[in-house]
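Before I ask anything, here is the structure I am working with.
Positions are given from 1, in the same order as the sequence printed here. Here the structure is a predicted model, which means the values were calculated and not measured.
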Amino acid sequence: MTPNNKLTTNPIDASELSFEDFKTIVINDYKIAYESRQASLLGRKEVLTGKAKFGIFGDGKELPQIAMAKAFKNGDWRSGYYRDQTFAFATGICTLKEFFAQLYANPSVEADPASAGRQMNCHFATRSINEDGSWKDLTEMKNSSSDIAPTGGQMARLVGLAYASKLYRENPELSYLKNFSVHGNEVAFGTIGNASTSEGVFFEAINAAGVLQIPMAMSIWDDAYGISVPAKYQTTKEDISEILKGFQRDENAEGYEIYKVRGWDYPALCETYQQAIEVCREQHVPVLIHVTEVTQPQGHSTSGSHERYKDKQRLDWEREYDCILQMRKWMIESAMITEEEITELEATAKQLVRDAQKEAWNEYLASIKTEKDQVIDMVSALAKGDNRLTKIASELSGAADAQRKEVFSSVRRALRLTINKPSAERSTLVQWYAQQEDLNADRYNSKLFTDGKESPFLVDQVAAEYEEEGKMVDGREILNACFDANFARDPRLVAFGEDLGNIGDVNQGFAGLQAKYGELRITDTGIREMTIVGQGIGLALRGLRPIAEIQYLDYLLYALNILSDDLASLSYRTKAGQKAPVIIRTRGHRLEGVWHSGSPISMILGSLRGLHLCVPRNMTQAAGMYNTLFRSDEPAIVIECLNGYRLKEKLPENVGSYTVPLGQAEVIQEGTDITVVSYGSTLRIVEEAAEELAQMGISVEIVDPQTLLPFDLNKVCAGSLQKTNKLLVVDEDVPGGASAYILQQILEDQQGYYSLDAQPKTLAAKAHRPPYGSDGDYFSKPSVDDVVEAVYQMMHDTNASKYPSIF
């Protein structure tokens, strides 16, 4: 037994082992499997007794995961799902005590290194970065990317994790990154349940890995159900490896090596995994291991019972072919252990698991108990004969296993009851509560971003420099020069997307760069938005700096699940234990037609907190934002203006090094009568409208926030409002979309409400997507005429005699 209940397997090479050595390894494997099963059984009881909120476990999958763990080496990566606890125990990624700490949602990183209590149980992760945001040596660790609950969602990043090994092996310029790879020898291990192979992201990722020919080892745990839905409703032919046979490689074409093995056959599982991973690691080809006849003894989760939907015959079969029972019988029949010895081993294992559970529970309660005792004392002192306060203290004292919620609710109730009764005791309680608020913010609300030493907010601000007679070029040429300079500077940079490589993207931002830097660094992909984003996440988790291109902003919808569930929540759900500095490059806003004129900013704002959102008004600003992001380590989306690539801009001399800081709004035209806030393509509309309004005697101040996440950190908008006292927000999103967010930021967060002398207004697009053609654009999105009339109407509402009605 290693410290802290950590269990690890040893690889088996029977040809080099004596029978005694072999027997020792097998018995240790059984011990790990049995302890994992006991953790599942006890974990379920802890949920049903109310100590934990929800439980989902890996019972029935112990032996396949033991076999998989034997092939998992330092430097390798896992991208799995919430059934992999035995694998986590066997590799040392998680201990028994940490398993229970996560079940109880202990908000301590030390107690639950995977998520600091932020994820439900069996969501595993290793900590790839130090507290300052710097990378650990990932080649000396067994690595697990942070699990997400949406089934199948892990598939997208798996592609990137495996693709990184290919880049490290084939690009000698990356050889200096010795803490991320050893010559690309690492395998990316994926796991998924059979039912989740019905999801589109599974097929997209399987196809992508086959095309890329990367060392990805895909394990499918097949228990013939998806919660209550049997395989006949899930999978054609009820057999996923059968329908994937077309992916099998042969002498005529590259593809997969596909294996099928039964989940209760320990010797066959060990042999299959050893063979499959050897092929994957040495030949750098994807492999698929379909593990069949898996059981799920406790059903799907603590929210239901599988006896409701499995018939007696199935339940009887599952009891007989429980993998632990089958291994137990095999070990006794093979004379590796006696009935008495294995019974003693099992009793010891049960006690060890129980001890780990008790220790985790007691540690979880310990920190809360200190706070609880303090609150009881303070509320009791405050009571002074008030029966209501005495009752609060008594109820809290009687709650043997009170959680932090009960403690702090008691404080808040006591403070509400004494609003009009100032006293020293009340001041003490208020002060204590204020101090605890900061601690709780750290426990439950911190680290949406890594905030490490490579934060974009620590990047030096460098102004763009121009020659006296600066050269005017198309906006696309500024981007091209920016990318060129940065790819020459940093070999970690890679870019990929549809039409990005050979033709240099549809708007020529990468024109000529594939020929210059090679196909490994600037790469075309198939039409597969989910795995384009996942490719970026996996590469970034392994120390590279990917630019994942989504060709049009409208197409972001097809990757939104991966962006939202995985990338946006990564820093938060690991409490800054992992980072993935992916840049999502896309283009949107003004163009004509339903499918290429998108500006769904409210969708992004609502679903992608955890990414920076850059909305540059031109390509000069876009290049400066890229320069900032290339030098920092947090993920971002950059939305280039679709109608700006051929507009002329002055080319900066330092095109690859000047920076535009995030969160810094800019006043691009000063005025005195009204503040107009806009971004992206509509800014040119606003600027043109401002010229006509000036002829009408109206002075418009125009503010460009430049990034929406974060928004105007220096409160430039509020400062403008103090001067003009009127506010109009103009954008191309739907009514009440991004414009409502901007209003909330200015009026509430920046307290701009107190500077208003007129009702603030928004001018957005219509609720539908714009129809095709110039007329469709004109009648669907804000035009110069719309802006002029909206501003004029606001001035009319304030001073009708000076500004008589237009209509």
Side-chain angles (χ1 to χ4, degrees), residues 79 145 148 150-164 190 192 196-212 214 216 494-503 505-507 509-510 522-541 544 546-570 580-589 591 593-608 610-614 635-640 642 769:
S79 182
S145 58
I148 56 177
T151 60
Q154 72 274 19
M155 292 296 303
R157 92 174 84 96
L158 176 63
V159 174
L161 290 169
Y163 185 55
I192 196 168
S196 295
T197 64
S198 303
E199 293 196 66
V201 67
F202 172 82
F203 285 97
E204 191 174 295
I206 289 293
N207 183 59
V211 169
L212 293 169
I214 51 180
M216 182 178 104
V494 293
F496 43 88
E498 298 158 19
D499 299 302
L500 184 74
N502 185 38
I503 67 169
D505 89 44
V506 291
N507 295 101
F510 272 86
I522 299 170
T523 311
D524 283 314
T525 70
I527 299 175
R528 48 176 180 84
E529 281 78 13
M530 285 186 288
T531 48
I532 288 172
V533 168
Q535 201 166 316
I537 297 170
L539 291 176
L541 282 166
L544 298 175
I547 304 168
E549 172 158 323
I550 301 297
Q551 194 165 89
Y552 293 104
L553 185 55
D554 301 273
Y555 302 167
L556 203 71
L557 277 166
Y558 297 94
L560 191 64
N561 55 336
I562 306 303
L563 286 166
S564 182
D565 294 335
D566 200 350
L567 182 59
S569 69
L570 178 64
V582 188
I583 297 172
I584 308 299
R585 179 191 180 220
T586 189
R587 49 192 69 82
H589 308 313
L591 200 65
V594 170
W595 308 114
H596 295 85
S597 55
S599 192
I601 305 299
S602 54
M603 175 189 78
I604 296 170
L605 292 169
S607 59
L608 299 183
L611 274 68
H612 299 298
L613 177 55
C614 303
I637 295 178
V638 181
I639 303 172
E640 299 164 11
L642 254 172
R769 297 187 184 193

Qualifying residues under side chain to side chain donor-acceptor pair (under 3.5 Å), relative to Thr525, sequence neighbours excluded: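 By the side chain to side chain donor-acceptor pair (under 3.5 Å) rule, Thr525 matches no residue at all.
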Flag side-chain contact, heavy atom, 4.5 Å: Glu529 against Leu557: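 Result no, sub-4.5 Å side-chain heavy-atom pair not found.
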Enclosure of Tyr558 OH (heavy-atom neighbours >12, cutoff 6.0 Å): no
Distance-minimising heavy-atom pair for Ser196 and Phe202: O-CB, 4.0 Å
Pairwise distance CG(Leu212) to CG(Asn207) - rounded to 0.5 angstrom: 9.0 Å
Side-chain donor or acceptor of Gln154 paired with backbone N/O of Gly152 under 3.5 Å: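 Answer holds: yes.
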Side chain to side chain donor-acceptor pair (under 3.5 Å) against Ser607, all qualifying residues, sequence neighbours excluded: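 In terms of side chain to side chain donor-acceptor pair (under 3.5 Å), with neighbours along the sequence ignored, Ser607 is linked to no residue.
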Minimum heavy-atom distance between Ala559 and Val533, given as atom pair plus value: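 Closest approach of Ala559 to Val533: CB-CG2, 3.6 Å.
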Glu204 side chain vs Thr531 backbone, donor-acceptor pair below 3.5 Å: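 At least one qualifying donor-acceptor pair exists.
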Interatomic spacing from CD in Gln535 to CE in Met530 - rounded to 0.5 Å: 13.5 Å
Contacts of Asn507 that satisfy side chain to side chain donor-acceptor pair (under 3.5 Å) - sequence neighbours left out: Arg587
Check: Ser145 main-chain N/O paired with Ser79 side-chain donor or acceptor under 3.5 Å: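 Not confirmed, Ser79 side chain does not pair with Ser145 backbone.
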Euclidean distance, Asp524 CG relative to Asp505 CG, rounded to 0.5 Å: 10.5 Å
CG-CD1 distance between Leu613 and Ile604, expressed to the nearest 0.5 angstrom: 5.5 Å
Leu608 and its side chain to side chain contact (heavy atoms under 4.5 Å, CB included) partner, picked from Leu567, Leu560, Ile584: Leu560
Within 6.0 Å of CD1 in Ile527, more than 12 heavy atoms from elsewhere: no
Side-chain donor/acceptor of Thr586 to backbone N/O of Leu553, under 3.5 Å: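 Confirmed, Thr586 side chain pairs with Leu553 backbone.
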side-chain contact (heavy atoms from CB on, under 4.5 Å) evaluation trace for Val494 with Tyr163: CA-CA 12 Å; Val494 293; Tyr163 185 55; 5.9 Å; no
Rounded distance [0.5 Å steps], CE in Met216 versus CG in Leu161: 10.5 Å
Please set out all donor-acceptor pairs under 3.5 angstrom arising from side-chain atoms of residues 593-600, sequence neighbours excluded.
{"residue": "His596", "atom": "NE2", "partner": "Tyr555", "partner atom": "OH", "Å": "3.1"}
{"residue": "Ser597", "atom": "OG", "partner": "Gly593", "partner atom": "O", "Å": "2.4"}
{"residue": "Ser599", "atom": "OG", "partner": "His589", "partner atom": "ND1", "Å": "3.1"}

Heavy-atom pair of closest approach, residues Pro546 and Gly536: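 Taking Pro546 first and Gly536 second, the nearest heavy atoms are CG-O, 3.2 Å.
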Qualifying residues under side chain to side chain contact (heavy atoms under 4.5 Å, CB included), relative to Ala495, sequence neighbours excluded: Phe487, Leu500, Phe510, Ile547
For Asp566, all residues meeting side chain to side chain donor-acceptor pair (under 3.5 Å), sequence neighbours excluded: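 Partners of Asp566 under the side chain to side chain donor-acceptor pair (under 3.5 Å) test: Arg157, Arg573.
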For the student: nearest non-hydrogen atoms of Ala580 and Leu570, plus distance: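 It is CB-CD2, 3.6 Å.
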Minimum heavy-atom distance Ile214-Ala162, with the two atoms named: CD1-CB, 3.7 Å
Distance (rounded to the nearest 0.5 Å) between Leu556 CG and Ile639 CD1: 7.5 Å
Trace of the side-chain contact (heavy atoms from CB on, under 4.5 Å) decision for Ile583 with Val638: CA-CA 7 Å; Ile583 297 172; Val638 181; 4.2 Å; yes
Closest contact, heavy atoms only, Gly526 versus Ile532: O-CD1, 4.0 Å
Any donor-acceptor N/O pair, Gln551 side chain to Glu498 backbone, under 3.5 Å: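 Looks like yes, one N/O pair under 3.5 Å.
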